[in-house]
Enquirer: 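Right, I'll just put the structure down here and ask away after.
Throughout, numbering of the chain's residues begins at 1 and tracks the sequence. Computation of the quantities below employed the complete heavy-atom set of this structure, encompassing side-chain atoms and omitting hydrogens, waters and symmetry-equivalent molecules.
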Amino acid sequence: MNINFKVTLSQKETIDLRVAENGFDDISSYIKVAALKMQKFTIRNPEESVEEVSVELSITLTEVQKISLDKNMEESGCKDVAEFLTHVALYGVISAVIEIRSTGKLNAMLERIAKARGLKLDLD
C-alpha cells in the first residue's frame with residue numbers, strides 16, 4: 001500500500017535534516033519508522049504557511065503496518081493522514097532521539113547508527 005502526501009519546500013528541507021540527523025538513508029524509511037514508532041501526541045498549533053504545498057512524499061506500507069499507522073493516527077486525534085505524516089516527519093524521531101540521548105551518551109548513539117549503516121566512525 002502506498003501513501004502519498006505533500007509538504008512545502010521549507011518543510012521538506014526540515015525533513016531532510018531530520019533524515020540525516022537520525023541516520024536514515026532516505027525519507028521514506030525515516031517517515032515510515034517515525035510514523036510506526038511515534039507515541040500519541042497532540043498537535044497544538046499546526047503550522048500555517050503561505051508556501052505552496054508542492055513536494056510529494058510517499059511511503060509504502062504492508063497491511064499490518066497500515067493498521068498500526070491508522071491506530072497511531074487515531075490515538076493522536078488526527079483525521080487526515082497527510083497532517084499526521086507531516087507532523088511525524090517534522091517532529092517524530094526527535095522524541096525518540098531525546099529518549100536515546102537521555103538513556104545513553106550521544107557518542108554511543110552515533111556509533112550505533114554508524115554500525116547499522118556499516119560505517120567506521122572515529123569519535124576521538
Enquirer: Does a side-chain heavy-atom distance below 4.5 Å link E74 with D70?
Expert: no

Enquirer: Might you work through the side-chain contact (heavy atoms from CB on, under 4.5 Å) test for I3 and F84, ending with a clear yes or no?
Expert: CA-CA 12 Å; I3 297 177; F84 176 75; over 6 Å; no

Enquirer: Do V64 and S68 come within less than 4.5 Å of each other through their side chains, counting heavy atoms only?
Expert: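 Side-chain contact under 4.5 Å: no.
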
Enquirer: I need the H87 NE2 to C78 SG distance, nearest 0.5 Å.
Expert: 7.5 Å

Enquirer: Could you grab the distance from atom NZ of K12 to atom CD1 of I27, nearest 0.5 Å is fine?
Expert: 3.5 Å

Enquirer: Once rounded to the nearest 0.5 Å, what's the spacing between atom CD of Q11 and atom CZ of R18?
Expert: 12.0 Å

Enquirer: With rounding to the nearest 0.5 angstrom, report the NZ to OG distance, K71 to S76.
Expert: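 The NZ atom of K71 sits 11.0 Å away from the OG atom of S76.
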
Enquirer: Quick one: CG on N2 to NZ on K66, what's the gap to the nearest 0.5 Å?
Expert: 11.5 Å

Enquirer: Heavy-atom count around E75 CD within 6.0 Å, excluding the residue itself: above 12?
Expert: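 Buried by this count: over 12 neighbours within 6.0 Å.
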
Enquirer: Would you give the length of the straight line joining atom CG of L61 to atom CG of L69, rounded to the nearest 0.5 angstrom?
Expert: 6.0 Å

Enquirer: Please report the closest heavy-atom contact between T62 and Q65, naming both atoms and the distance.
Expert: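 What the structure gives for the nearest pair is N-OE1, 2.9 Å.
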
Enquirer: Work out which heavy atom in A89 is nearest to a heavy atom in I31; give both atom names and the distance.
Expert: CB-CG1, 3.8 Å

Enquirer: Are side-chain heavy atoms of I15 and L90 found at a separation under 4.5 Å?
Expert: yes

Enquirer: If I compare all heavy atoms of K6 with all of V53, which pair ends up nearest, and what's the gap?
Expert: CB-CG1, 3.1 Å

Enquirer: Under a 3.5 Å distance rule, please check whether N4 uses its side chain to pair with a backbone N or O of E56 as donor and acceptor.
Expert: no

Enquirer: Are the side chains of T86 and F5 in touch, meaning some heavy atoms are under 4.5 Å apart?
Expert: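 Heavy-atom side-chain distance check passes, below 4.5 Å.
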
Enquirer: Any link between L85 and L9 through a network of hydrophobic side chains (Ile, Leu, Val, Met, Phe, Trp, Tyr) touching at under 4.5 Å?
Expert: yes

